[in-house]
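Presented below is the structure to which this report refers.
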2 protein chains.
Amino acid sequence: MQNYPSIGKATIKAVKKLAVDRGYRLNSIAASLRKRETNNIGMLVPWINRPFISSLISGAEAAARAAGYNVLISQSHDSHDNEIDNVKAFFESRICGLIVSLAMETKDYEHFDRLIENGTPIVFVDRIPEHLDVHKVIIDNYAAAYKATQHLIEQGCRRIAHFGGALHQTIYKERRRGYEDALKKHDLPIDEEIIFHGDVLSADEGLKMTAHLLNLPSPLDGIFSANDTAAVNAIQYAKSVGVSIPADLAVIGFNNDPICLIIDPPLSSVGHPAVDMVRIAVQQVLRIKKSEDEVIAQTITLKTKVVIRTSTLRKG
Amino acid sequence: MQNYPSIGKATIKAVKKLAVDRGYRLNSIAASLRKRETNNIGMLVPWINRPFISSLISGAEAAARAAGYNVLISQSHDSHDNEIDNVKAFFESRICGLIVSLAMETKDYEHFDRLIENGTPIVFVDRIPEHLDVHKVIIDNYAAAYKATQHLIEQGCRRIAHFGGALHQTIYKERRRGYEDALKKHDLPIDEEIIFHGDVLSADEGLKMTAHLLNLPSPLDGIFSANDTAAVNAIQYAKSVGVSIPADLAVIGFNNDPICLIIDPPLSSVGHPAVDMVRIAVQQVLRIKKSEDEVIAQTITLKTKVVIRTSTLRKG
DNA sequence: TTGTAGGCGTTATCAG
DNA sequence: CTGATAACGCCTACAA
C-alpha cells in the first residue's frame, strides 16, 4: 500500500474517515485557545439543591447541551462574598456566557463589571439587579403577588400576613408591592406588624414567623408567602396548634414546588416557569454572543399562573 | 520614570503585581492544551432535579471548587442512549475525571471503555455497575434494606410489601435481598405478589402499586419502598381510601428526602449520605488522577441509618 | 540561578 | 480555491 504513486481524493477522504472512526477527536481546547473562547456557559445560583433551582439547572443543562455547550455550575449559598469569588473563578476560566440568579445578600453588582467589560454575555434570571442595564429574564412578580393576594381576598380573607425575602431583592420588593396593592384595592389595611422579610425564607423562619403571628391579639385569616418552604411550615405549625387550614387560615405559597402536593392540605402556589425561564436565558446568551454589535439590554417577562389547591379554598 | 537605568527586583515585582491587579489572568486553556488535561470533572446523573441527586451535585460542586476544579453536569434522564451520548460528549470535551450514577436502563457499560482506556479516572456512585472492576462509592444497600424491613417487623408488621426499581441495578437487587433476608430471618413468607419493581419508581407508580396492593384479598400491614417518592404516594393513596398510617399500614421509604417531613404522618426512611458519598468520589477522582501508576479499583461502602418517624411507629 | 526556544492542536491569514 | 505558516499562551527542557 505504501508505494502507490497517485493517491486519489477518494483515498484521502477514506483516510480521514478512518481517522475519525479510530479515536480521533477534535481538540476543543486547542480550538478554544486559538479562537479565544470556550464552549462553557457558567451558571451561578444561590443553591443547587432546591426544587426551583434544580429545575433551572436541569433546563439549562438540557438547552445548553442541545446547542453544543457545557454548563459549569456554582453556588453562592446566598452569600455575597461567595458570589464574588465564583464570578471571579468563572471569569478566569473564560466562560463564554453566564446565567446568574443573585445571592440573597447581594446589593451591589461591581463584581460583574470585568465580565461585562470583557464582552461576555450575561443574562440574569429571577433574582436580578433592578437598576442595572443588563439582560434579564424574570416573571411578573408584582402581578403574581397581586393575583395570589386577591385570590385570598376573594376567598374571604380580611387579615393577610406576608412572608417575603430581603427587600433589596427586586423579586421580594415586587411581591410585597403586589400584595399591598391588592389589599389597597380591596380597602384592606396594610399592617406592618404582619409583614415579615426573612433572611433566606427557610423552613425554620416560616415556623417562627407563624408562631409569632398566631400569638398576636388580632387573629389572621390568610398568609401569602414568597416561597413554598415557609408556607408549608406555616401550615404545619398552624395545624400543630389546632388552627384549621383553610377554614381558620388560608395559605398560599410561591414557586409551586413538589411539596405543594405532599402537604396536607395541598398548598396553593404561584407556578414558576423555571424551565422556560432558563431556556430563554440560554437562547439569549447564545444570541448575544453571536451578534456582532452590542445587543441592547432587554428584559423578558414571563407570565405566571396561580395554582389553586385546598389550602386556600374556603368557598365553593 | 522612563530612563531609570537599573531596575531593581522590587520594581519588577511591583510591575508583576500591577499586571495582576490589572486584568491579567492565567490562561487555563493554554495550560490545558500544554498539559493535555483540563480542570473539569464531569458528573453524569439520571436527573438533576431530584432531591437526592441535587444534593449529590451540590456536594460535588463544593468539593471540586474547593480543590480548584469545575464540575460539568449532564443528565441521562434514566435513558441508556442519552447516557452513551453524554459519556461521548464528556470524552470529547476532555474531562479530567468523571463521576457517574447510572441510568435506570443501563445494563452494559461499554460506553465507558474509551474513557477507561484513556486513563481518565471514573468513580461510580450509588447506581454502579456491579461486576465491573471500577472505583465505586456506595452505601450498604443490603444492610439498609434489612434494617428497614426489620424495623417494620419489630413494629408488628407481618405482611410487608416492597417497591423496588429495575432489578438489573445492583442497588435495587441488594435492597430486595435485604428485604427478603429480613423476612426469612423472622420466619415470614416471601410473596412475589406483593413485590414490585417499577420502571422509575415515580409518584404515579407508587400510587398504582398501592392501589393494587390494597385491593388484594389478604391485607398488608407494611410497605418498604426503595425511594421516598413512591412511599409518600403510597401514604397519600392509603389515607384517601381510609387506611390509617401507621396503625393499619406502616410505611418506610429510602433516601430521607425533605418530603419525609412534609407528609403526614412524617415518613420513616433510610438516611442517604449523599454529600459524604460525592465528597469521597471527588477525592477519589483526584487521588487516582495524581497517582502515577494504576490505582487498584476499590469500593468504598458508607453506612446508613434508619430514620424512624411516625409512619412506622406502631408501638411505644 | 535565570533566561529562552519549542511545541501542544487548532484556526486564521496570506500567498500561490 | 487550495495549501502552507504563524500565532493563541503556557509549560518544559535545556542552555548560559
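A note on names: the letters A, B, ... follow the listed sequences, proteins ahead of strands, and every chain is numbered from 1.
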Mind calculating the distance between CD (E37(A)) and C1' (dA12(C)) to the nearest angstrom? 14 Å
Categorize I29(A) for me: base, sugar-phosphate, or nothing, with a 4.0 angstrom heavy-atom threshold over every strand shown. nothing
Given side-chain contact (heavy atoms from CB on, under 4.5 Å), test H80(B) with K107(B) step by step and report yes or no. CA-CA 8 Å; H80(B) 184 230; K107(B) 299 182 195 183; over 6 Å; no
From NZ of K35(B) over to C1' of dA13(D), roughly how many Å is that when rounded to an integer? 17 Å
Can you list the residues that meet the side-chain contact (heavy atoms from CB on, under 4.5 Å) rule with T304(A), with sequence neighbours excluded? I139(A), A144(A), K147(A), V270(A), P273(A)
Angle between the end axes of the helix from dT1(C)-dA16(D) to dG16(C)-dC1(D), five pairs per end, to the nearest 10 degrees? 60°
Atom pair distance, as rounded to whole Å: CZ in R25(B) and P in dC10(D): 11 Å
In terms of side-chain heavy atoms of L33(B), which of dA7(D), dC10(D), dG9(D) is nearest? dG9(D)
Kindly write out the residues that satisfy side chain to side chain donor-acceptor pair (under 3.5 Å) with H135(A), not counting sequence neighbours, or none if the list is empty. none
Sequence neighbours left out, what passes side-chain contact (heavy atoms from CB on, under 4.5 Å) with S58(B)? Give chain and number order. I48(A), N49(A), Q75(A)
Can you name the residues that form a side chain to side chain donor-acceptor pair (under 3.5 Å) with D113(A), not counting sequence neighbours? none
Rounded to whole Å, how long is the line connecting atom CZ of R34(B) with atom C1' of dT10(C)? 16 Å
Partners of D257(B) by side chain to side chain donor-acceptor pair (under 3.5 Å), sequence neighbours excluded? none
Take atom CZ of R94(B) and atom C1' of dC8(C), then tell me their distance rounded to the nearest Å. 11 Å
Between R36(A) and dA7(D), is there a contact of a side-chain N or O with OP1 or OP2 at under 4.0 Å? no
Round to the nearest Å and state the distance from N27(B) atom CG to dC8(C) atom C1'. 13 Å
